[in-house]
> 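Here it is, the structure in full.
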There are 2 protein chains.
Amino acid sequence: MDSRKLLVDTMSELMWERGYSDTSPRDVRERSGVGQGSMYHHFPTKRDLALAALERNVDDLVPAGSELDGPGDPMARIEAYLMRPRDVLKGCKVGRMTQDPQVREDPALLAPVSRAFAQAHANLVGVLREAIAARELRDDLNPEQLAHTLMAVLQGGYVLAIAQQDPGPFDDARAGAIDLLRAASPSVLNQERN
Amino acid sequence: MDSRKLLVDTMSELMWERGYSDTSPRDVRERSGVGQGSMYHHFPTKRDLALAALERNVDDLVPAGSELDGPGDPMARIEAYLMRPRDVLKGCKVGRMTQDPQVREDPALLAPVSRAFAQAHANLVGVLREAIAARELRDDLNPEQLAHTLMAVLQGGYVLAIAQQDPGPFDDARAGAIDLLRAASPSVLNQERN
DNA sequence: GTCTATACCGTGATAGAC
DNA sequence: GTCTATCACGGTATAGAC
């Protein structure tokens with residue numbers, strides 16, 4: 001129906017599955033069924049199509065962090081965010097882009113990726129601060145650093161899982177992170193001091 | 001001098017910088033100065049050269065874990081391993097391969113990557129066990145999971161840093177991980193119980 | 001907006017002489 | 001082992017009709 005939307009949808013999928021460099025205009029045409037003429041009418045270059053697809057893929061990631069804004073204890077929300085089911089062996093549609101040389105070298109393509117991670121970081125920092133305020137986490141922990149740690153656990157978990165072609169390492173990584181977070185609750189001793 | 005070695009060296013560099021798909025035989029020839037004939041004499045296909053280069057790149061990573069076998073407290077060795085200086089914005093020459101579709105789909109190319117991470121995991125598990133035995137870490141933590149967590153922090157740290165074109169998120173991620181590890185030492189209360 | 005035809009270039013080789 | 005020449009193919013468009 002709407003060729004333009006079809007093209008963006010298809011490019012989004014392909015960029016998730018194969019990245020940018022390794023996805024050709026021909027791949028997009030064949031999967032979408034949109035003809036050559038239409039394609040270049042809507043998007044003068046492959047890069048233009050990729051930009052549209054990328055904006056879409058990063059937008060998918062923002063509501064994906066909705067566990068963080070929900071109700072419940074801050075720590076419970078953080079754990080829910082980490083434990084949300086994910087398509088582990090496909091990897092992260094946003095993080096993947098950082099390993100594509102043609103994306104890395106193109107500030108315009110990298111920009112949406114950068115924004116998405118910055119947004120995720122800000123959300124996580126907020127909940128971590130709440131957790132500290134609620135005495136669920138020690139107050140000597142740095143929320144900015146810790147947010148990057150947790151994001152890295154997820155992004156790196158994908159890498160390890162794909163290397164083994166097994167989601168196990170991803171699940172291990174996040175379970176270990178949660179154990180550490182729980183171990184970092186203010187100790188009974190400290191609570192008695194206050 | 002030795003064309004074969006020159007080719008492997010050059011391919012190793014290029015695969016670190018640009019991955020496999022995006023590195024062409026021409027790139028290798030031009031950077032190495034080795035001629036077309038020599039190249040295809042030593043390596044019948046690009047994939048053969050990549051296999052040799054990959055074996056070499058993963059071998060670079062094993063001695064890189066030598067901090068783990070050194071002297072000193074187990075926890076100090078883990079921290080030294082995490083804090084070792086790294087070329088953050090270039091990323092990990094092994095982890096990078098997992099995002100290349102042509103590597104992902106080729107079991108022979110993925111195998112060295114898988115082995116390298118499995119080895120790193122085994123080494124980390126060993127030191128984490130020592131840390132628990134030395135009462136530097138709580139004994140209710142799972143060393144297998146935790147090892148994957150720490151590896152993921154590094155691998156994911158690269159992703160975040162490249163996205164921002166700034167090593168900051170990588171440094172945050174590992175600093176946060178170390179803070180969590182320290183917070184997971186057996187509490188005074190627990191120590192008194194034993 | 002969509003179609004078909006055409007074009008140019010880089011990739012990933014192969015061929016055969018030296 | 002190394003050199004130069006050649007090649008088939010896919011990637012990434014452009015041209016112009018409908």
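Since the model is a prediction, treat every value here as computed from it, not as a measurement. Below, chains carry the letters A, B, ... as their sequence lines are ordered, and counting in each starts from 1.
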> Could you tell me how far apart B:Asp2 (CG) and D:dT2 (C1') are, to the nearest whole angstrom?
14 Å
> Could you check how far CG of A:Asp48 sits from C1' of D:dT12, rounded to whole Å?
13 Å
> Sequence neighbours left out, what pairs pass ring-ring contact (aromatic ring centres under 6.0 Å, His included) with at least one residue falling in residues 123-167 of chain A?
A:His121-A:His148, A:Tyr158-A:Phe170
> Quick one: do the B:Asp22 and A:Gln102 side chains pair a donor with an acceptor below 3.5 Å?
yes
> How would you list, by chain and number, every residue that makes a salt bridge (charged side-chain N to carboxylate O under 4.0 Å, His left out) with A:Arg56, sequence neighbours excluded?
A:Asp9
> Can you name the salt bridge (charged side-chain N to carboxylate O under 4.0 Å, His left out) partners of B:Arg174, sequence neighbours left out?
B:Asp171
> Whole-Å distance between D:dG11 P and A:Met39 CE?
12 Å
> Are any of A:Ser3's side-chain N or O atoms less than 4.0 Å away from OP1 or OP2 of C:dT2?
yes
> Name all pairs fulfilling the salt bridge (charged side-chain N to carboxylate O under 4.0 Å, His left out) condition that reach into residues 112-129 of chain A, sequence neighbours left out, sorted by first residue then second.
A:Glu55-A:Arg115, A:Arg129-A:Glu144
> Strictly under 4.0 angstrom, non-hydrogen atoms only: write out the protein contact profile of nucleotides 10-17 of chain C, one letter per nucleotide from the 5' end, B, S or -.
-BSBB---
> Check the distance between D:dT2's C1' and B:Arg4's CZ and give it to me in whole angstrom.
16 Å
> Could you tell me which residues satisfy salt bridge (charged side-chain N to carboxylate O under 4.0 Å, His left out) with B:Arg47, sequence neighbours excluded, listed by chain and number?
B:Asp106
> Ignoring backbone atoms, test whether B:His41 places a side-chain nitrogen or oxygen under 4.0 Å from the OP1 or OP2 oxygen of D:dC3.
no
> Whole-Å distance between C:dC3 C1' and A:Arg29 CZ?
11 Å
> Could you state the CD-P distance from A:Glu30 to D:dG10, rounded to the nearest angstrom?
10 Å
